[in-house]
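In what follows, a structure is listed as structure tokens, so that the remarks can point back to it.
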Amino acid sequence: MRDVIIIGAGVIGCATARELSRRKLDILVVDQASDVADGGCSKANTAIVHGGYDAKSGTLKAKYNVAGNAMFDAISQELEVPFERNGSLVVAFEGDDLSGLEELKARGETNGVPGLEILNQAALQAKEPNIGPTAVAALWVPTGGIVCPYELTVAYAENAAANGVQFQFDTAVDRLEAIPGGWRITTTSGETLEAKAIVNAAGCGSGRLNNMVSAHKLDILPRRGEYYMVDKTYSGTFHSAMFQLPSDKGKGILVARTVDGTLLLGPTAEDVDDPTDTRTTAEGLAKVLQFASRTWPNIPGRSFITTFAGIRPRPSDGDFRLGEAPDAPGFFNAAGIESPGLTAAPAIGVDLAGWVADYLKAEDNPSFQPKRTAIPKFRELSNEERAVLIAQDPAFGRIVCRCETVTEGEIREAIRRTPGARTLDGVKRRTRAGMGRCQAGFCSPRVVDILCEELGLQPTEITKFGGNSVLLTGPIGGEEAAQ
Amino acid sequence: MRQVDVLIIGGGPAGLAAAIAAREAGVENLLILEREESLGGILKQCIHNGFGLQRFGEELTGPEYAQRYIDKAMELALPYQCDTMVLDVTPDRVVTAISPTEGLQQFQAKAIVLAMGCRERPRGALGIPGWRCSGIYSAGTAQRFVNLEGFLPGKEVVILGSGDIGLIMARRMTFEGCKVKACVELMPYSSGLKRNIVQCLDDYGIPLMLNHTVVDVAGRERLEGVTIAQVGENLKPIPGTEQYIPCDTLLLSVGLIPENELSTAAGVELSPATSGPVVDETLATNVPGIFAAGNVLHVHDLVDFVSEESARAGEQAARYALGQTADNGPAIPVENGFGVNGVVPQRVHAGKVDAPIRFMFRPRNVYKAVRICVDFDGQEVLRGKPHMIMAPGEMATLEVEPQLFADHPDVSKITVRLEVRQ
């Protein structure tokens with residue numbers, strides 16, 4: 001029997017795994033997807049480190065938002081993940097009730113958010129010259145920031161793995177039951193896995209898992225958010241993340257630069273029955289543009305490089321559910337972690353790991369290594385650094401993704417790491433190969449070749465993201481011709 | 001830093017023709033930089049025939065056409081370096097490139113020919129709703145998988161867009177035993193060559209559905225089908241016209257975009273109409289010593305014209321590098337008149353024209369009984385020969401002799417327009 005099984009390899013599961021690896025424990029992370037950050041929450045969200053003014057005071061959301069936010073400078077350095085504290089603005093437009101800004105400011109102050117300030121139109125325009133003309137005032141949130149959600153998740157996972165945590169993918173929980181001294185998971189393929197403690201970080205599946213073992217029921221109401229991604233040519237349009245003041249017309253649409261220089265427009269908020277329904281819709285995308293154009297008038301139509309949707313696991317009782325279920329000893333929830341879950345992740349990881357370690361009376365792991373080294377980002381290096389890197393490994397001298405300037409060396413390293421990339425999307429999330437303006441048209445045949453070489457697979461075995469998402473159906477001329 | 005007289009970025013049909021012409025114009029110290037492992041560019045995967053009718057008077061396959069230029073380049077012992085990606089070009093023509101064997105290199109060029117070609121528009125640019133499953137490819141990516149890697153991207157195919165690569169792939173996939181169910185085109189006309197519509201769709205009974213688009217994509221993991229719908233005059237789907245087509249592959253042939261990231265870095269002005277550099281009659285950009293030709297300049301449909309245009313760019317780059325060009329002084333603008341989109345060149349030094357200028361552009365729509373006319377300052381000075389039909393899918397060209405400019409030394413504006421017979 002293992003010590004801990006963490007169900008869910010999103011940012012919460014991986015942060016918890018990493019913090020737990022500070023103790024001498026036998027830890028396994030399982031996920032039904034084929035990779036970390038591949039569920040629908042951590043791979044597709046707004047990529048914002050929230051200030052903490054939004055959550056209702058006194059909630060776990062408010063507490064962990066503010067606590068998590070404060071940890072980002074240190075954790076992003078330790079894990080070598082790009083993070084920028086570029087601030088957030090909550091913008092009010094003509095016709096909005098401006099008292100809403102004051103309410104947000106007061107709530108933020110109650111929540112412990114530092115530095116909040118209301119800007120008038122002139123001050124807003126001075127800060128963001130490209131803001132639309134109907135923007136009249138804004139709440140300035142200096143502690144707001146941006147981070148890449150899947151890069152943070154991968155970094156947590158790599159650091160956890162370096163400290164002994166194991167990962168098992170394509171593993172979906174069918175049953176979870178108490179056994180003497182712990183818990184037994186039966187997977188959908190019939191495998192059994194046992195551990196003294198379980199961490200439920202299963203995103204949209206977290207309600208179902210909780211309800212398998214606890215009478216304190218939790219429903220997850222999946223909510224979909226659709227986004228546009230704008231080419232990095234427009235990176236400089238806005239400096240800070242541009243929120244809109246929620247009004248009776250809706251929660252508003254965000255326009256925010258990502259750490260990679262693209263701009264995100266979104267999200268919508270549509271309740272869906274199916275937690276895996278990450279479809280985009282014509283109506284949803286139209287709504288994004290309609291609202292985003294208040295912040296950014298005349299959004300260039302040729303600027304879009306992709307559209308996508310993510311799912312947020314909205315808890316029925318409105319707040320995160322954290323900690324040991326009162327009627328299920330050794331079963332720890334990190335359930336219903338919707339926004340601001342990404343911001344809260346570092347703080348949730350620390351507390352959850354602490355509770356699990358106390359339950360297991362775990363000793364410290366003296367060989368714990370907190371530092372994770374990022375895959376070199378060729379596009380960000382100086383020419384001198386590039387020359388050195390190519391001299392060390394010629395694979396860094398071959399560009400595979402022309403749009404994002406990703407080298408073969410980076411892709412090979414992404415595959416060789418633990419947990420490493422196994423799919424086209426896995427390579428994409430770790431290196432940005434295929435994330436640029438041609439959306440993998442150029443690099444995908446080359447990435448397929450590299451995945452085959454590194455993993456000893458045939459091209460027909462390579463998938464976009466696991467399961468049946470195969471890229472190629474067979475050799476030309478049929479199977480016989482291939483012999 | 002290595003000194004090069006003429007540096008050519010790209011070893012496809014444009015770069016090869018430019019390099020050969022530069023050598024023939026007397027430049028010894030030139031260099032072609034090519035990012036792929038061999039020369040030839042996109043022609044390597046264009047294994048169908050139909051290339052070279054204009055240039056060689058015979059039908060060649062893409063690789064055969066490329067080989068003629070590669071052979072010539074080898075005969076002239078032109079220096080080239082493959083597996084080499086250019087990362088940056090500065091306005092003063094310092095070129096930074098990397099390769100696994102040479103590492104990071106920098107070149108100071110006297111003249112540069114931009115010959116980077118173009119890329120395909122992806123799904124994301126269209127915002128097609130639905131699942132983000134596997135099985136959706138741009139047509140050129142599928143062509144590479146099939147023709148160079150030897151693998152099929154799927155078996156039951158719908159093609160969105162009627163660009164030439166999509167049409168060619170409709171036939172290619174049919175040859176491989178795939179079922180191509182439809183070619184769906186948003187516009188009321190095809191964006192491909194008429195001969196490709198006939199030879200790649202009509203001959204195989206593949207329906208071309210004009211005024212239609214894909215409105216939904218089904219399939220969680222692998223594509224399972226697409227919903228198409230008719231569009232109205234505003235190009236928006238008409239509710240109630242939806243139909244579902246089961247398929248495991250969607251190929252996109254929805255436009256090509258000149259690849260000008262390096263041009264922009266070098267300070268080259270781009271045209272919104274072509275997405276390529278603004279050039280004069282010598283194919284010079286606004287940055288002294290930087291020339292552009294081929295699909296990086298504007299998307300061609302015949303490689304024969306790429307070769308012709310690029311040879312001119314190579315020759316002009318050679319003259320610039322050898323110090324044989326005087327300052328041409330100010331140029332006058334060439335404007336798009338009725339029915340004309342993206343005319344190239346966009347500027348002419350009217351007093352210095354010493355060779356015929358071939359104006360090239362895309363008709364804005366389908367026109368019957370039409371001719372190309374040229375106005376100087378609003379006065380018609382040239383009427384081209386009548387055409388039965390012109391369409392956006394086929395580039396239109398008109399050659400203008402130097403004498404016309406000599407006859408009008410004070411011209412300040414040139415307009416290229418179409419005239420439709422009433």
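In what follows, chains are A, B, ... by sequence order, proteins preceding strands, each numbered from 1.
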With B:Tyr244, which residues qualify under ring-ring contact (aromatic ring centres under 6.0 Å, His included), at least two apart? none
According to side-chain hydrogen bond (donor to acceptor under 3.5 Å, both in side chains), does anything in residues 214-225 of chain B pair up with another residue at least two apart or in another chain? List the pairs. A:Asp274-B:Arg220, A:Thr276-B:Arg220, B:Arg222-B:Thr249
Sort out for me which of [options] touches chain A most, counting heavy-atom pairs under 4.5 Å.
{"options": "B:Val215, B:Leu87, B:Ile257, B:Thr101", "value": "B:Leu87"}
{"options": "B:Val217, B:Leu252, B:Leu152, B:Leu104", "value": "B:Leu152"}
{"options": "B:Met85, B:Glu102, B:Arg123, B:Arg119", "value": "B:Arg119"}
{"options": "B:Pro122, B:Pro153, B:Gly150, B:Gly130", "value": "B:Gly130"}
{"options": "B:Glu120, B:Glu149, B:Arg35", "value": "B:Arg35"}

So that I can tick it off, tell me whether [Y] and [X] are bridged by a salt bridge, with the cut-off set at under 4.0 angstrom between side-chain N and carboxylate O.
{"X": "A:Arg446", "Y": "A:Glu408", "value": "no"}
{"X": "B:Glu259", "Y": "A:Arg402", "value": "yes"}
{"X": "B:Lys44", "Y": "B:Glu36", "value": "yes"}
{"X": "A:Asp277", "Y": "A:Arg224", "value": "yes"}
{"X": "B:Glu156", "Y": "B:Lys181", "value": "yes"}

Are A:Glu385 and A:Lys377 close enough, and set up right, to give a salt bridge (charged side-chain N to carboxylate O under 4.0 Å, His left out), and what steps lead you there? CA-CA 11 Å; A:Glu385 292 168 319; A:Lys377 287 188 175 132; over 6 Å; no
Residues in residues 452-460 of chain A that sit under 4.5 Å from chain B, counting heavy atoms only: A:Pro459, A:Thr460
What residue, out of [options], has the most heavy-atom pairs lying under 4.5 Å from chain B?
{"options": "A:Thr307, A:Asp449, A:Thr407, A:Leu471", "value": "A:Leu471"}
{"options": "A:Ala387, A:Cys438, A:Ala440, A:Gly466", "value": "A:Cys438"}
{"options": "A:Lys464, A:Arg398, A:Gln439", "value": "A:Arg398"}
{"options": "A:Gly441, A:Gly467, A:Pro445", "value": "A:Pro445"}

Take atom NZ in B:Lys179; do more than 12 heavy atoms of anything else shown fall under 6.0 Å from it? no
Modelled atom types, side-chain donor and acceptor of A:Ser34 and A:Asp170, under 3.5 Å: yes
Counting only non-hydrogen atoms closer than 4.5 Å, does [X] touch chain B with its backbone (N, CA, C, O), its side chain (CB onward), both, or neither?
{"X": "A:Asp425", "value": "neither"}
{"X": "A:Phe465", "value": "side chain"}
{"X": "A:Ile305", "value": "backbone"}
{"X": "A:Thr281", "value": "backbone"}
{"X": "A:Ala282", "value": "both"}
{"X": "A:Arg302", "value": "side chain"}

NZ or CZ of A:Arg386 within 45° of A:Phe378 ring axis and under 6.0 Å: yes
Evaluate the salt bridge (charged side-chain N to carboxylate O under 4.0 Å, His left out) criterion for residues A:Asp35 and A:Lys43: first the C-alpha distance (whole Å), next the side-chain angles of each, then the deciding distance (0.1 Å), finally the verdict. CA-CA 10 Å; A:Asp35 196 2; A:Lys43 82 170 169 195; over 6 Å; no
Quick one: what part of [X] sits under 4.5 Å from any heavy atom of chain A, side chain, backbone, both or neither?
{"X": "B:Gln106", "result": "side chain"}
{"X": "B:Arg144", "result": "side chain"}
{"X": "B:Asp248", "result": "side chain"}

Should A:Asp260 and A:Arg432 be marked as a salt bridge (charged side-chain N to carboxylate O under 4.0 Å, His left out) after you check the CA-CA gap, both sets of side-chain angles, and the distance that decides it? CA-CA 9 Å; A:Asp260 299 299; A:Arg432 285 192 69 71; 3.2 Å; yes
How far apart are the C-alpha atoms of A:Glu404 and A:Arg437, what are their side-chain angles, what is the distance that settles it, and do they pass the salt bridge (charged side-chain N to carboxylate O under 4.0 Å, His left out) test? CA-CA 8 Å; A:Glu404 295 294 307; A:Arg437 50 184 65 126; over 6 Å; no
Taking side chain to side chain donor-acceptor pair (under 3.5 Å) as the test, write out the residues that go with A:Thr171, two or more places apart. A:Gln168
